[in-house]
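Below: one structure, written as structure tokens.
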Amino acid sequence: MADGGFTAAVERETSAIWDKVKERVSPLEWRVHAPLIAEINALKRERNAVILAHNYMTPEIFHGVGDFVGDSLGLAREAAACDAAVIVQAGVLFMAETSKVLAPDKTVLIPDLRAGCSLASSITAADVRLIRQRHPTLPIVAYVNTTAEVKAEVDICCTSANAVQVVEHAAREWGVDTVILLPDEHLSRNVAAQTRVRILAWKGACEVHQRFDAQDVRDMRAAYPDAEILAHPECPADVLAEADFAGSTAAMADHVARKGVGQVVLLTECSMADNLMASAPGVQFLKPCNLCPHMKRITLEGIRDCLVTGRHEVTVDPGVAERARLAVQRMIDLPTPPQGRGYARERLGAAVDLLWA
Ligand code: 13P
Ligand code: SF4
């Protein structure tokens with residue numbers, strides 16, 4: 001077989017990465033990935049660029065070219081803190097917009113502009129303005145999985161890592177007992193179960209996580225009685241009620257790392273388990289998992305092309321960005337909550353009121 005760019009020098013340069021991914025990537029695939037990884041890492045140095053890679057990226061991206069990897073809260077913090085001239089967002093569009101909002105002087109690139117999110121497209125800025133008219137005294141919290149235009153209309157943002165903390169903070173600051181939390185109905189129900197603050201919710205859902213149901217948990221429990229079952233809080237509340245732990249992608253990674261051994265079921269996007277294998281070799285990951293079609297639009301070829309051509313630059317109208325920054329910055333300024341607690345099970349089942357009912 002022709003080397004196709006997989007030269008001895010490339011093989012040497014990428015051997016440490018190969019050690020991390022070889023459980024999930026075949027040697028034939030590696031011959032295609034390794035030259036691209038070497039090329040991208042050289043381009044990053046030339047362009048003074050960093051790659052912010054979400055936990056749902058495929059292993060060759062996550063381990064091969066990601067400079068900062070993590071959940072959406074961690075990546076937003078990194079965008080604000082890093083001193084590179086160029087940020088390549090290996091994630092979806094709302095994450096790239098968040099980076100641009102936090103780092104307006106940096107060039108933010110995304111390899112594929114079609115990398116959307118079913119939550120971000122479930123609500124518009126006009127929807128939020130109508131909600132504000134209807135509930136003028138209540139704080140509005142938006143999940144970061146929203147467009148910059150939506151963020152510009154709200155009071156503060158949250159991620160799944162800090163949603164309970166942000167909702168409680170907003171209730172305290174506004175001196176109210178009710179908070180509007182947009183746009184994920186399931187996240188809102190799961191947050192409501194962790195707090196006495198009353199939640200008004202929107203009707204959005206993550207197309208990946210809403211496909212899990214409580215029967216999936218029971219089936220996996222019956223098949224693997226010793227396995228620990230972890231779920232993302234975008235899953236329906238009855239999934240979390242039967243899972244052993246729930247938290248953001250970073251909180252799940254942290255939980256697996258602390259566990260160290262045994263069997264784990266991750267009810268989340270497929271690449272998450274692939275990426276964790278390298279850091280938790282003693283853990284056996286049992287799937288089911290679902291693919292996020294938006295995250296999967298990001299490829300090594302796309303990352304290489306955007307570094308070569310400068311496409312696709314993500315821009316946000318400066319007026320929108322300024323107002324969105326206030327909401328994101330208020331979140332960033334809160335201390336990161338401890339990862340360990342997760343969405344504990346005891347109080348799950350609390351009701352939320354639906355804004356559209
Ligand atoms: P995290 O903030 O947990 O990384 O989640 C982002 C996301 O899009 C999950 O579907
Ligand atoms: Fe959006 Fe769900 Fe994909 Fe995350 S997994 S980017 S919430 S569609």
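In each ligand, atom 1 is the first atom listed, and ligand 1 is the first ligand listed.
- At the top of the distance list for atom 8 (O) of ligand 1, counting protein heavy atoms only, stands Asn145 ND2, 3.3 Å.
- Only the side chain of His209 comes within 4.0 Å of ligand 1, judged by heavy-atom distances.
- Listed by first then second residue, pairs satisfying side-chain hydrogen bond (donor to acceptor under 3.5 Å, both in side chains) with a partner in residues 309-322 number zero, not counting sequence neighbours.
- Checked against a 3.5 angstrom limit, the closest N/O atoms of Asn55 and ligand 1 fall outside it.
- Tested against Val144, the residues Ser160, Cys157, Cys158 include a single side-chain contact (heavy atoms from CB on, under 4.5 Å) partner, Cys157.
- A salt bridge is defined here as a Lys NZ or Arg NE, NH1 or NH2 lying under 4.0 Å from an Asp or Glu carboxylate O, and Arg196 with Glu168 fails to meet this definition.
- Of the N or O atoms in Ser160, one or more lie within a sub-3.5 Å distance of an N or O in ligand 1.
- Within the structure, ligand 1 has His54 among the residues with a heavy atom less than 4.0 angstrom away.
- Look at Arg189 and Asp238 and you find no salt bridge, because none of the NZ, NE, NH1 or NH2 atoms lies under 4.0 Å from a carboxylate O.
- For atom 2 (O) of ligand 1, the closest non-hydrogen atom of the protein is Ser72 OG, 2.4 Å.
- Taking 4.0 Å as the cut-off between side-chain N and carboxylate O, Lys259 and Glu228 count as a salt-bridged pair.
- Distances below 4.0 Å separate heavy atoms of Thr249 from the following atoms of ligand 1: 1 (P), 3 (O), 4 (O).
- No part of Val92 comes within 4.0 Å of ligand 1, judged by heavy-atom distances.
- Excluding waters, the protein N/O/S atoms found under 2.8 Å from atom 1 (Fe) of ligand 2 are Cys117 SG.
- Residues satisfying the side-chain contact (heavy atoms from CB on, under 4.5 Å) test with Arg211, not counting sequence neighbours, are Asn290.
- Atom 7 (C) of ligand 1 has as its closest protein heavy atom Glu234 OE2, 3.7 Å.
- Results of the side-chain contact (heavy atoms from CB on, under 4.5 Å) test with Gln89 over Ile51, Val314, Leu109, Leu75 single out Leu75 as the only residue that passes.
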Does the pair His294 and Glu207 meet the rule for a side-chain hydrogen bond (donor to acceptor under 3.5 Å, both in side chains), with working shown? CA-CA 10 Å; His294 311 289; Glu207 68 190 79; 3.0 Å; yes
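- A salt bridge links Asp244 with Arg221: the closest approach of a Lys/Arg side-chain nitrogen to an acidic carboxylate oxygen falls below 4.0 angstrom.
- Annotation for ligand 1: atoms under 4.0 Å from non-hydrogen atoms of Ser248 are 3 (O).
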Residue pair Ser271, Lys296: steps toward the side-chain hydrogen bond (donor to acceptor under 3.5 Å, both in side chains) verdict: CA-CA 9 Å; Ser271 293; Lys296 298 290 99 101; 2.6 Å; yes
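- For the disulfide (SG to SG under 2.5 Å) test, residues two or more places apart in sequence or in another chain that qualify with Cys289 are Cys270.
- Atom 5 (O) of ligand 1 has its closest protein heavy atom at His232 NE2, 3.4 Å.
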